[in-house]
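This report concerns only the one structure given below.
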Number of protein chains: 2
Amino acid sequence: MIDVARRANVALSTVSYAINGTRAVSATTRRRIQKAMDELGYEPNAIARGLVSKRTRIIALLFPTPERGMGVTEMEFVIGAAEAALERDHHLVLWPSELRNVRQLDRLTGQGLIDGAVVMEVRLDDERVDLLRQAGLPFSMIGRTSEPGSINYADIDFEQAARDAVSHLTALGHRSIGFLNHSPSAFSVGYGPTVRAADGFRRAAMEAGVEHFERLCGDNVAAGRAAFHELRAMAPHLTALAVMNDHAIVGVMDALDEIGWRVPGDFSLLSMVSSTRVTEMMRPKLTTLEPQSSELGRLGVHMLIDELEFRAGEPPTPTQVLLPCRLVEGQSCGPVRAS
Amino acid sequence: MIDVARRANVALSTVSYAINGTRAVSATTRRRIQKAMDELGYEPNAIARGLVSKRTRIIALLFPTPERGMGVTEMEFVIGAAEAALERDHHLVLWPSELRNVRQLDRLTGQGLIDGAVVMEVRLDDERVDLLRQAGLPFSMIGRTSEPGSINYADIDFEQAARDAVSHLTALGHRSIGFLNHSPSAFSVGYGPTVRAADGFRRAAMEAGVEHFERLCGDNVAAGRAAFHELRAMAPHLTALAVMNDHAIVGVMDALDEIGWRVPGDFSLLSMVSSTRVTEMMRPKLTTLEPQSSELGRLGVHMLIDELEFRAGEPPTPTQVLLPCRLVEGQSCGPVRAS
DNA sequence: GCGTTTCGTCGAAACGCTTCGATCGCACAT
DNA sequence: ATGTGCGATCGAAGCGTTTCGACGAAACGC
């Protein structure tokens, strides 16, 4: 930077002002400085910048590694977030934060490396959120706690997705529909999607005046199969099932095979909140309510950076966004069978 | 840090030595300092450290966003890498580096933010690699160029996977086997896996003395279906197919359905280099050669950090690792049909 | 024509560490 | 006693920026 200043015949500080626009610099001076920078191939040192300005332009993405590993949806959060960060001229660091790491988490925040964080897979009651709040670190969430207060978040609109599922199925004439949810353990740890989708489904089905059944189900094929058989024993008139569980839905299809039912001729299946990258590979291709995962990742980052860049004027008004899922039709939903 | 020094009754520099172990510090002094740090809840500032020591302990993960988006395998690279970085007390930043960003890439390296990089999805001839070499930035690869020289890398052993596929199928009695590869475009841009797996398959089949056919195939269901029909027209005796293309394999199964062939009764299908997370969801559950993706991600990071920490003594001897795939049996491979 | 503001620029003081050279005891051999 | 060597500690000089207060010169109002 000294070299640049010398070559442009200005003071060090003037170069800095030219780069950041912190103070006015005359057009001619700016041009001279720009030229010198180009000729020298100068890049400002991000670390030195960060040290004095207290803005490192690094943000962290906190992602848990859930039991079943990350799915396609989570991956898309990450990619969307990484791209958004790059666009906003920030760096995104990955912090795999399992629950046991909460202690580690504030060791990390203590280092002053990052300006803020985006928290993925937020639970209704999430200790990482409490921790960040205590640490005074700005953050946004992908997902949301039960009491998000004024924290920025972007989340899938699970309630809406459940309503969409119900209305798609009732429009096809179904009058007895089921909902296969995530695992009991997900429910009991307060995993938001599980709880919210169940609520949404219940309400939507009641409003539509259709018979409805719901069930939690382990995230694996065998559990899905068993769950379907049980559900059918309990509700023999069932003609359609909305499933928010990519592994279980395979088991359901197995079970349908076993009793000789065809999809969608004899029974309709609607996959909720799963990527077409997955449902396209199933036979028949599943109709799905696909989340806008990548967009959510982007939003999480943009919200955080917006807040970070505010931090001067008015109190930042919280941005809280729920994004609906998009219905992508496959061949797994059909009109109710004339029996 | 000044507070810590004061509280422990030592000089600033002594605290530093105690933290880094750069110079000997007596046990009693160290204890006093440790106590002071704990009491004050002190965390060394990573940025200030980085500024003077030229070691930021931040490394970048360069991942491309391929046409079809990231698959499960790539995701696992990322997670493995993130975990390994954390273990080695480093931070991992994500850089989505598409080809158009090569210019951007050296803007980023110029900032002096990172100590090194791990490059994912390396092509046989990869300009990112040239760029990093020029920039003098230490890096390791997940994958490898055709001339890796002394660069550290960890890659899937595609040749071995192809051999394993051939031997698994021949052991079941198959004497005419096919190989369905990635897309022609992947091949033509010099995507390593595509080229190496094809070579390995060809060689292994010849050595085993079995009839073999291979074909490139677009990464989608329709292409897979068409490819199978063509392959069958060309090679009517085909009884088994190894497929390294998660989307195409679904199309193959569709095509088999169409002609009334059952898997594995009438025809065997072996999925190559795809995660059980995917193959478990297919019906029948596919037999697959599963890559050790997460392990590869970890290795890439460890190699890089090893090199970074060396940088003082002897010339680091290159670590170059090929990891075989694990055979995970599903229900898609069976003995050749007695015809 | 004289104060007063505005604009562009400058020099120097941080930012929170690492690291270098120097100092200081203290045990050891002479 | 005197010198030597070594482990432990100290003070101070950076690292490459941003930012603050100050200053000269041009532009303004009256």
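First the proteins, then the strands, lettered A, B, ... as listed; each starts at 1.
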Do the charged groups of A:R6 and A:D3 touch, with an N to O distance under 4.0 Å?
yes

Salt bridge or not for A:D126 and A:R133, using N-O below 4.0 Å?
no

Atom pair distance, as rounded to whole Å: [atom1] in [X] and [atom2] in [N]:
X     : N      : atom1 : atom2 : value
A:Y17 : D:dA22 : OH    : P     : 13 Å
B:E43 : C:dC17 : CD    : P     : 10 Å
B:I19 : C:dT18 : CD1   : P     : 6 Å
B:L40 : C:dG16 : CG    : C1'   : 15 Å
A:D3  : D:dT17 : CG    : P     : 10 Å
B:N9  : D:dC10 : CG    : C1'   : 13 Å
B:M37 : C:dG16 : CE    : P     : 17 Å
B:I47 : D:dG16 : CD1   : P     : 15 Å

Applying a 3.5 Å limit to both distances, which nucleotide forms a Watson-Crick or G-U wobble pair with C:dC17?
D:dG14

With respect to the phosphate group of [N], does any side-chain polar atom (N or O) of [X] fall under 4.0 Å of OP1 or OP2?
X     : N      : value
A:S13 : D:dT19 : no
A:N45 : D:dC15 : no
A:S16 : D:dT18 : yes
A:Y42 : D:dT17 : yes
A:S53 : C:dC15 : no
A:K54 : C:dG16 : yes

Between A:Q34 and A:D38, does a side-chain hydrogen bond (donor to acceptor under 3.5 Å, both in side chains) hold up when you go through it step by step?
CA-CA 6 Å; A:Q34 185 62 52; A:D38 291 346; 3.1 Å; yes

Strictly distance-based, threshold 3.5 Å: is any side-chain N or O of B:T56 a donor or acceptor partner for the main-chain N or O of B:G50?
no

Do any N or O atoms from the side chain of A:R123 and from the backbone of A:G190 form a donor-acceptor pair under 3.5 angstrom?
no

Considering only side-chain heavy atoms of [X], which listed nucleotide, [options], is closest?
X     : options                : value
A:V25 : D:dT9, C:dT9, C:dC17   : C:dT9
A:L12 : C:dC17, D:dT18, D:dC20 : D:dT18
B:V52 : D:dC15, D:dT18, C:dG11 : D:dC15
B:T22 : D:dG11, C:dT19, C:dC10 : C:dT19
A:S26 : D:dC10, C:dT9, C:dT18  : C:dT9

On DNA chain D, more 5' by nearest nucleotide between B:V10 and A:M1 is B:V10

Do B:H91 and A:I58 make a side-chain contact, defined as non-hydrogen atoms from C-beta onward lying under 4.5 Å apart?
no

Hey, does the side-chain of B:R23 have a donor or acceptor N/O within less than 3.5 Å of a partner on the base of C:dG21?
yes

